K.L.:
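Just passing along the structure, written as structure tokens.
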Amino acid sequence: MDRQQSTELTETAGQNQTLVIAIDGPSGSGKSSTSRGVAERLGLQYLDTGAMYRAATWAVQQAGVDRTDSAAVAELVRRTDLGITLDPSGPAFSVDGTDVTTAIRAPEVSAAVSAVATNLEVRAELIARQRQIIADARPGIVAEGRDITTVVAPDADLRLLLVADPEARVGRREAELAGKADRAAVTDQVLRRDRDDSTVAVFTEAAEGVTVIDSTHLTLEQVIDTICGMVKELA
Ligand code: DC
């Protein structure tokens with residue numbers, strides 16, 4: 001980030017204040033790549049809240065706790081130390097000191113994460129941690145998930161909902177998995193997870209004050225450009 005950009009950001013956020021960009025969207029909408037790209041370009045920190053739910057799920061699986069025992073799951077998550085680096089060029093995660101950056105992307109975690117993410121006590125715990133991370137971020141942060149614009153950071157400076165047609169979202173996930181899963185399995189993963197997740201967070205329609213960006217026909221660069229342009233307008 002050059003000095004002029006840095007000065008503009010400070011002005012945008014106000015002296016000694018944090019610039020918060022909240023981005024929600026369903027899986028495959030491109031929100032992770034977009035959020036990382038925006039954070040890198042603007043010199044902000046980056047928080048992937050989905051990874052926190054994934055890390056909590058990994059912890060539950062390692063401990064052998066029954067996923068349907070919601071009180072035991074919540075108790076375990078409250079006791080678990082989740083380490084998160086907020087660097088957009090290489091986000092990393094640990095659980096009680098063990099690096100889980102790769103492990104939390106495993107199919108077993110993807111298949112189980114909705115069950116943990118729909119546990120309301122787990123959500124309360126992780127939302128509190130997310131709010132603290134956002135409050136401590138300097139000079140600002142791009143936080144992405146399903147309920148950032150509505151629950152975690154409804155006062156964010158910029159609140160965005162990233163959407164894309166289901167075919168585009170399934171296609172992107174398929175490309176990410178690079179032939180390791182067939183289309184039917186990916187379709188199930190993307191659409192079933194959206195259905196399960198949407199029982200606890202509204203991320204298919206924009207709340208008041210939230211701007212929708214449809215990325216179906218846009219490249220990643222175009223989406224990042226659009227958002228950086230919106231940040232400039234805030235100043
Ligand atoms: O974005 P992702 O696929 O890594 O998210 C993992 C899971 O966590 C997914 O089931 C949605 C859920 N999630 C959530 O409920 N709230 C968030 N703020 C972020 C993710």
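Treat the numbers as computed from the prediction; the structure is a model and nothing was measured. We count residues from 1, following the sequence as given. Atoms within each ligand, like the ligands themselves, are counted from 1 in listed order.
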K.L.:
Is it the case that Thr49 and Arg129 place a side-chain donor and acceptor less than 3.5 Å from each other?
P.N.:
no
K.L.:
Below the 3.5 angstrom mark, is there an N/O of Arg173, backbone or side chain, next to an N/O of ligand 1?
P.N.:
no
K.L.:
Can you confirm whether Ile23 sits close enough to Ile148 that some side-chain heavy atom of one is under 4.5 Å from a side-chain heavy atom of the other?
P.N.:
no
K.L.:
Indicate yes or no: does Asp48 engage Arg105 in a salt bridge with an N to O separation below 4.0 Å.
P.N.:
yes
K.L.:
Please assess Glu121 against Ser70 for the test side chain to side chain contact (heavy atoms under 4.5 Å, CB included), listing each intermediate value before the final yes or no.
P.N.:
CA-CA 8 Å; Glu121 280 184 77; Ser70 42; 5.5 Å; no
K.L.:
Could you walk me through whether Asp147 and Arg123 satisfy the salt bridge (Lys or Arg N to Asp or Glu O under 4.0 Å) test, starting with their C-alpha distance in whole Å, then the side-chain angles of each, then the deciding distance to 0.1 Å, before giving a yes or no?
P.N.:
CA-CA 10 Å; Asp147 59 350; Arg123 294 195 78 78; 2.9 Å; yes
K.L.:
Considering only heavy atoms, does Arg123 approach ligand 1 within less than 4.0 Å through its side chain, its backbone, both, or neither?
P.N.:
side chain
K.L.:
Within the 3.5 Å criterion, strictly below it, is a donor on Glu144 or Tyr46 matched to an acceptor on the partner's side chain?
P.N.:
yes
K.L.:
Check whether any heavy atom of Gln130 sits under 4.0 Å from an atom of ligand 1.
P.N.:
no
K.L.:
State whether the shortest distance between N or O atoms of Arg54 and N or O atoms of ligand 1 falls below 3.5 angstrom.
P.N.:
yes
K.L.:
Against ligand 1, does Ser27 come closer than 4.0 Å with any heavy atom?
P.N.:
no
K.L.:
Give the residue, atom name and distance (to 0.1 Å) of the protein heavy atom nearest atom 8 (O) of ligand 1.
P.N.:
Tyr53 CB, 3.6 Å
K.L.:
Begin with the C-alpha distance, continue with both residues' side-chain angles, and end with the deciding distance and a verdict on side chain to side chain contact (heavy atoms under 4.5 Å, CB included) for Gln61 and Val109.
P.N.:
CA-CA 8 Å; Gln61 290 177 327; Val109 173; 3.5 Å; yes
K.L.:
Can you tell me which residue and heavy atom of the protein come closest to atom 19 (C) of ligand 1, and the distance to 0.1 Å?
P.N.:
Thr49 OG1, 3.3 Å
K.L.:
Nearest non-hydrogen atom to atom 6 (C) of ligand 1 belongs to which of Gly50, Gly28, Ser32?
P.N.:
Gly50
K.L.:
Tell me which protein heavy atom sits closest to atom 11 (C) of ligand 1, plus the residue, atom name and distance to 0.1 Å.
P.N.:
Asp197 OD2, 3.1 Å
K.L.:
Closest non-hydrogen protein atom to atom 12 (C) of ligand 1, residue and atom name please, with distance?
P.N.:
Ala117 CB, 3.8 Å
K.L.:
Looking at Ser114, which atoms of ligand 1 are within less than 4.0 Å of one of its heavy atoms?
P.N.:
10 (O)
K.L.:
Do Asp24 and Thr149 have side-chain atoms, one donor and one acceptor, less than 3.5 Å apart?
P.N.:
yes
K.L.:
Against heavy atoms of Lys31, which atoms of ligand 1 measure under 4.0 Å?
P.N.:
1 (O)
K.L.:
Is any N or O atom of Arg146, backbone or side chain, closer than 3.5 Å to an N or O atom of ligand 1?
P.N.:
yes
K.L.:
Please list the nearest protein heavy atom to atom 18 (N) of ligand 1 with its residue and the distance rounded to 0.1 Å.
P.N.:
Asp147 OD1, 2.8 Å
K.L.:
Select the closest option to atom 7 (C) of ligand 1 among Val122, Ile127, Val113, judged by heavy-atom distance.
P.N.:
Val113
K.L.:
Does a side-chain N-to-carboxylate-O contact under 4.0 Å join Glu125 and Arg79?
P.N.:
no
K.L.:
Check whether Thr211 reaches the backbone of Leu160 with its side chain - one donor and one acceptor, N or O, closer than 3.5 Å.
P.N.:
no
